[in-house]
Amino acid sequence: MSRQQNDDERKTAVTVERIVSDIGPARSKVLPEVEVWASKMSELARLKLDGPIKASVWAYRLNETECLSIDLVGQSGGDMSVTISTGVHRTNYSFNDLEATCFEVPDMTEALLMVSIFLRHAGAQISFSAGA
């Protein structure tokens, strides 16, 4: 391969940087967008659900994609479902359409972080299950 071909390949190569919160065993630096998403989602949940909120959370795989499913039910009425799928480089927060019900994040750590903050803001009683 010629030097010119190498130079051309380097110019056309695109590096995609993953954008994630800095979460480790002894540290937690949450992206500001995660906090905004969680706050807006908890506001939406309180609008759609009456009374105390119960949330059922479970993970599953769809082909090569890992997903996190959250079903919320208001004790006095209303329900809401959210699915978070993994595998993108940058989170799609869908701020313009929070009722989209499906959000894409880089990995399961980011998904769990987002869901835990959302459910904490919503004051939900959480249970984990092995599926629907």
Side-chain angles (χ1 to χ4, degrees):
M1 186 177 284
S2 74
R3 180 182 165 107
Q4 181 62 39
Q5 286 173 319
N6 282 336
D7 289 343
D8 289 345
E9 283 183 18
R10 271 188 251 125
K11 288 177 187 175
T12 58
V14 176
T15 302
V16 180
E17 179 184 1
R18 285 177 19 130
I19 309 293
V20 294
S21 298
D22 183 17
I23 306 300
R27 68 184 184 287
S28 178
K29 184 177 179 190
V30 178
L31 292 172
E33 296 87 352
V34 170
E35 291 284 356
V36 170
W37 180 86
S39 179
K40 289 183 178 291
M41 289 298 290
S42 67
E43 289 172 16
L44 179 62
R46 285 192 295 274
L47 288 173
K48 295 181 87 165
L49 309 173
D50 294 321
I53 299 170
K54 291 186 177 187
S56 181
V57 179
W58 71 92
Y60 64 93
R61 288 184 196 88
L62 184 60
N63 299 319
E64 296 295 317
T65 303
E66 291 188 344
C67 298
L68 195 61
S69 180
I70 305 95
D71 286 334
L72 299 100
V73 177
Q75 185 173 339
S76 301
D79 59 52
M80 178 178 170
S81 294
V82 176
T83 301
I84 299 182
S85 64
T86 62
V88 297
H89 290 284
R90 190 177 293 239
T91 299
N92 175 6
Y93 297 101
S94 298
F95 287 126
N96 294 330
D97 187 16
L98 289 173
E99 293 199 45
T101 72
C102 192
F103 302 90
E104 298 174 317
V105 301
D107 56 29
M108 192 55 73
T109 299
E110 199 73 7
L112 285 167
L113 172 70
M114 289 172 64
V115 168
S116 67
I117 296 171
F118 158 41
L119 295 177
R120 183 179 68 224
H121 284 312
Q125 178 184 354
I126 304 165
S127 64
F128 291 91
S129 72

Is any side-chain heavy atom of [X] less than 4.5 Å from a side-chain heavy atom of [Y]?
{"X": "S81", "Y": "T83", "value": "no"}
{"X": "L68", "Y": "V57", "value": "yes"}
{"X": "V73", "Y": "Q75", "value": "no"}
{"X": "L98", "Y": "Y93", "value": "no"}

[atom1] of [X] to [atom2] of [Y]: how many Å apart, nearest 0.5 Å?
{"X": "T101", "Y": "M80", "atom1": "OG1", "atom2": "CE", "value": "9.0 Å"}
{"X": "R61", "Y": "T86", "atom1": "CZ", "atom2": "OG1", "value": "10.0 Å"}
{"X": "M41", "Y": "E99", "atom1": "CE", "atom2": "CD", "value": "8.5 Å"}
{"X": "W58", "Y": "S69", "atom1": "CH2", "atom2": "OG", "value": "3.5 Å"}

Common cluster, [X]/[Y], ILVMFWY with side-chain heavy-atom separation under 4.5 Å:
{"X": "V20", "Y": "I84", "answer": "no"}
{"X": "V82", "Y": "L47", "answer": "no"}
{"X": "W37", "Y": "L31", "answer": "yes"}

_I'd like to know whether NZ of K48 has more than 12 heavy-atom contacts from other residues, nucleotides or ligands below 6.0 angstrom._
yes
*Of all residues at least two apart in sequence or in a different chain, which pass the side chain to side chain contact (heavy atoms under 4.5 Å, CB included) check with S94?*
N92, F103
*Applying salt bridge (charged side-chain N to carboxylate O under 4.0 Å, His left out), name anything that partners E64, two or more places apart in sequence or on another chain.*
none
*Heavy-atom donor-acceptor pair, S42 side chain to S39 backbone, under 3.5 Å*: yes
Do any side-chain atoms of residues 106-125 form donor-acceptor pairs under 3.5 angstrom with protein atoms, and if so which ones, sequence neighbours left out?
{"from": "D107", "atom 1": "OD1", "to": "T109", "atom 2": "N", "distance (Å)": "3.3"}
{"from": "D107", "atom 1": "OD1", "to": "E110", "atom 2": "N", "distance (Å)": "2.9"}
{"from": "D107", "atom 1": "OD2", "to": "R18", "atom 2": "NH2", "distance (Å)": "2.8"}
{"from": "E110", "atom 1": "OE1", "to": "S21", "atom 2": "N", "distance (Å)": "3.0"}
{"from": "E110", "atom 1": "OE2", "to": "S21", "atom 2": "N", "distance (Å)": "3.3"}
{"from": "E110", "atom 1": "OE2", "to": "S21", "atom 2": "OG", "distance (Å)": "3.0"}
{"from": "S116", "atom 1": "OG", "to": "L112", "atom 2": "O", "distance (Å)": "3.1"}
{"from": "S116", "atom 1": "OG", "to": "L113", "atom 2": "O", "distance (Å)": "2.9"}

